[in-house]
Amino acid sequence: MDHYDSQQTNDYMQPEEDWDRDLLLDPAWEKQQRKTFTAWCNSHLRKAGTQIENIEEDFRDGLKLMLLLEVISGERLAKPERGKMRVHKISNVNKALDFIASKGVKLVSIGAEEIVDGNVKMTLGMIWTIILRFAIQDISVEETSAKEGLLLWCQRKTAPYKNVNIQNFHISWKDGLGFCALIHRHRPELIDYGKLRKDDPLTNLNTAFDVAEKYLDIPKMLDAEDIVGTARPDEKAIMTYVSSFYHAFSGAQKAETAANRICKVLAVNQENEQLMEDYEKLASDLLEWIRRTIPWLENRAPENTMHAMQQKLEDFRDYRRLHKPPKVQEKCQLEINFNTLQTKLRLSNRPAFMPSEGRMVSDINNAWGCLEQAEKGYEEWLLNEIRRLERLDHLAEKFRQKASIHEAWTDGKEAMLRQKDYETATLSEIKALLKKHEAFESDLAAHQDRVEQIAAIAQELNELDYYDSPSVNARCQKICDQWDNLGALTQKRREALERTEKLLETIDQLYLEYAKRAAPFNNWMEGAMEDLQDTFIVHTIEEIQGLTTAHEQFKATLPDADKERLAILGIHNEVSKIVQTYHVNMAGTNPYTTITPQEINGKWDHVRQLVPRRDQALTEEHARQQHNERLRKQFGAQANVIGPWIQTKMEEIGRISIEMHGTLEDQLNHLRQYEKSIVNYKPKIDQLEGDHQLIQEALIFDNKHTNYTMEHIRVGWEQLLTTIARTINEVENQILTRDAKGISQEQMNEFRASFNHFDRDHSGTLGPEEFKACLISLGYDIGNDPQKKTGMMDTDDFRACLISMGYNMGEAEFARIMSIVDPNRLGVVTFQAFIDFMSRETADTDTADQVMASFKILAGDKNYITVDELRRELPPDQAEYCIARMAPYTGPDAVPGALDYMSFSTALYGESDL
């Protein structure tokens, strides 16, 4: 979007909005705006070879308005309407207004109808909006735009003229000097400004307007008398006139812009040159300081005293704290200045800055690196010298302390290592002596570091030329010799303790191995005895076969178990042999177990006795399970025949009940024959009951040879008997209903066909999809609600069935029928209830309620009926009979000509008077 938008318009126009709306009614202001806006429009329309005379009349058809917008914008608008009708004019003006709005201008209260009607106020407001957008909005002076930019331009151009003070676009221009000053500033040869007088505004204004029209191609938009004769000239007219001067002098503005650019470039160049000079000076000073400092840091002359070396260290610390930090800051600032300078040069398209030789940033960094290296070496040398002097005194004192501690620790250790207390010790005592010896060895190893430290300190004192090195060396040698002797005695005592321990551990290991193998073997024998004596309960031959297989696997493990028993006894014999051979005094029994060889042999004999008993028990149970399996197969073979037979008969009865083969008497005879064949099947059921009793007596609880249980067979048999009896009863009731109501066989077949039409799967029930298809075919839109197959119709099924047979009813009528066929409100309709209802509907008997219900159907479910409806639905003589006798309907919903069929129906049956 351009600089000017609707928000900016509000910003500088809002304060004058209310004032302008009122003053537009002022004839003087309106005259100025008419003249100025007309001249401004003609200055552009003449480029298209046309012009306007009356601003509110010539724009009414929208054609010249669209042409004006095309000229000032340089864009093509939509094709205008050439018709002379009002609608064509409104269309053209709307196209112009839409184009103005597309440029981001918000048109407030300006509509196409007002322009077409020649509304002066709205037409002038529209032209002012166009002038703002296309002549003033794009004016930009020092980051200000539109009105403020134009005002600032006028102020700057007239600033050299002391008798001109432009503060607004109305009274500041009344004396005409402002217009003359603008012309003189840009074209001084056109006006002799010195001859103009402030007290002669007419001459000034006419001079400016005439010169502008003649030499600057700016049409005369106002008369001098209009401006002078008005207390406050119209601001919009003045702004429009002044904007023409701005555009005329835009070339001069470009020259001023060029001058500003040159000044800006020179200022940047001067700033860059100053930065270059600052860099050169700062670089020279920093390099000179580095050159003076490096020799001081490279001086390595040692001092003989600690005080002298500490003074050197203090001087170096002052250098680090006081002298170097400012230089670090200078170096950082130097790099920042250099980078900033290079960036400014690059952004202003200048060549990069090259410092003089030896003053590059890399040269300064190299010099600084040499300074850092010298500084680091100097600091290390100072610290090393101080450490060397300190260490001589420290090492001598440390040697004396460590030597004294070590000599105190070794006192009495040689006598302890020569003892032979292990020769009379037990295994636990030997282990305790070994633990104690290991602790001593750990202590000895810990002191190894101290001995090595003592030797190392002595060596370092020699290397540093310590004055008392001979006495230090003698004492160190004595400590080392004593240390070697302690090591030899320690090794000799360990070997003696380990030999004694090994003999006692051999016996202990045998005891432990005996215990580890005797315990699980003893547990195995106890578990085996428990399993061999355990009772079992099985229900299938597979289960007894599994137990037999497991028992055979157990018997197969007995040879390996006997080998393990002999191995355990052999360990015990080995212990006895060692005790006898080495004359070891073993007090007590095996400390790891209480199981004796005698117990192991006794339990083993018991296991061998239990095995044949288990064999006999498994053989007997296997024979019993074979007998049970024969009973299962016998029952399963019969049940697998009887179960499907019952299911087949149930399906056949269902088909007979819904098929319409022959008369009802034929269907009844057919059903009674089925009943007889079913009753004759009873002996097979009784035989299956006998087999089931044998299974129960044998405590058989499952049968893999059939999915049918006796309970399933009983329930199915009872349902079969109940179904055939109920079906026979239904047919008998249908015969009674037919004979009692006088219904023909054809009507009965029709009723059954209507009911069966929805029972497409022949299951005696209506499925959801069947019901849905029926309703859709009749124009209903229903959901897919699941429907239970019960052999009965639910409420919606029954209603759909009635509709399919020609019934057309509202909710109230359908509720009445449901109360008849479903008095218990179960939500379903049986076929018998359906037959009863249909027989009642087709019978020749009727009641007053039935007649009223029929009239209600003819009336479209209304409480009244009209003459036209009676004549349309009834024969002519009967329609006229009703019209003559029906009273007018007076209910709240009555319409002209409504007749009361309810009172007429009750009167027919003597319940009221006609």
Side-chain angles (χ1 to χ4, degrees), residues 426-431 501-629 698-702:
T426 64
L427 178 58
S428 59
E429 291 172 342
I430 286 295
K431 290 186 177 294
E501 181 190 34
K502 185 175 182 182
L503 178 61
L504 296 177
E505 279 186 343
T506 301
I507 296 174
D508 187 74
Q509 194 68 29
L510 290 172
Y511 273 152
L512 181 60
E513 184 178 358
Y514 174 85
K516 288 181 178 180
R517 298 179 69 173
F521 186 72
N522 182 66
N523 292 336
W524 177 84
M525 289 191 297
E526 290 179 349
M529 289 187 292
E530 182 179 356
D531 293 340
L532 291 171
Q533 297 177 85
D534 187 23
T535 59
F536 53 83
I537 298 176
V538 295
H539 300 288
T540 65
I541 193 169
E542 289 80 5
E543 292 178 359
I544 190 60
Q545 289 174 348
L547 291 176
T548 302
T549 301
H551 183 63
E552 293 299 325
Q553 293 174 351
F554 168 75
K555 290 195 296 183
T557 63
L558 291 177
D560 293 334
D562 191 36
K563 292 179 182 179
E564 177 66 12
R565 181 182 66 85
L566 295 176
I568 294 171
L569 296 178
I571 294 172
H572 184 268
N573 294 335
E574 182 67 21
V575 172
S576 301
K577 183 178 179 181
I578 293 174
V579 170
Q580 293 173 2
T581 301
Y582 294 98
H583 305 287
V584 178
N585 183 17
M586 299 300 295
T589 59
N590 191 331
Y592 300 109
T593 183
T594 59
I595 302 173
T596 64
Q598 292 76 17
E599 290 182 26
I600 292 176
N601 287 330
K603 291 180 180 179
W604 176 256
D605 293 339
H606 191 202
V607 170
R608 298 294 296 272
Q609 294 171 4
L610 291 174
V611 170
R613 298 178 191 173
R614 186 72 170 184
D615 289 337
Q616 182 179 357
L618 291 173
T619 301
E620 293 174 355
E621 181 62 28
H622 189 270
R624 190 175 73 85
Q625 290 300 327
Q626 285 181 330
H627 174 70
N628 290 348
E629 183 67 13
L699 300 179
I700 299 173
F701 301 106
D702 56 358

Please round to the nearest 0.5 Å and tell me the distance separating atom [atom1] of [X] and atom [atom2] of [Y].
| X | Y | atom1 | atom2 | result |
| --- | --- | --- | --- | --- |
| Leu558 | Trp604 | CG | CH2 | 5.0 Å |
| Ile507 | Ser576 | CD1 | OG | 10.0 Å |
| Leu532 | Glu530 | CG | CD | 10.5 Å |
| Thr596 | Leu569 | OG1 | CG | 10.0 Å |

Any side-chain heavy atom of [X] sitting closer than 4.5 Å to one from [Y]?
| X | Y | answer |
| --- | --- | --- |
| Gln553 | Thr549 | yes |
| His551 | Val611 | yes |
| Asn590 | His572 | no |
| Asp531 | Phe554 | no |
| Glu629 | Gln626 | no |

What residue among Thr506, Val575, Thr593 forms side-chain contact (heavy atoms from CB on, under 4.5 Å) with Tyr511? Val575
Quick check on side-chain contact (heavy atoms from CB on, under 4.5 Å): which of Arg517, Lys516, Gln509 does Glu513 satisfy it with? Arg517
Please find the pair of heavy atoms, one from [X] and one from [Y], that lie closest to each other, and give the distance.
| X | Y | value |
| --- | --- | --- |
| Glu574 | Leu510 | CG-CD1, 3.6 Å |
| Thr557 | Trp524 | OG1-CZ2, 4.1 Å |
| Pro520 | Ala515 | CD-O, 4.4 Å |
| Tyr514 | Ile571 | CB-CG2, 3.7 Å |

Any sub-3.5 Å donor-acceptor pair from Arg614's side-chain atoms to Asp534's backbone N or O? yes
Would you check if the side chain of Glu599 reaches a backbone N or O of Ile595 as a donor-acceptor pair within less than 3.5 Å? no
Please determine whether a side-chain nitrogen of the Lys or Arg among Arg565 and Asp562 lies less than 4.0 Å from a carboxylate oxygen of the Asp or Glu.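 Counted as a salt bridge, because a side-chain N and a carboxylate O are separated by less than 4.0 Å.
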Assess whether a salt bridge exists between Lys555 and Glu552, defined as any Lys/Arg side-chain N lying under 4.0 Å from an Asp/Glu carboxylate O. yes
Verify whether one side chain among Glu526 and Asn522 offers a donor that lies under 3.5 Å from an acceptor in the other. yes
Stepwise, does the side-chain contact (heavy atoms from CB on, under 4.5 Å) test hold for Ile430 with Glu505? CA-CA 10 Å; Ile430 286 295; Glu505 279 186 343; over 6 Å; no
With a 6.0 Å cut-off (strictly less than), is the heavy-atom count around CD of Gln616, excluding the residue itself, greater than 12? no
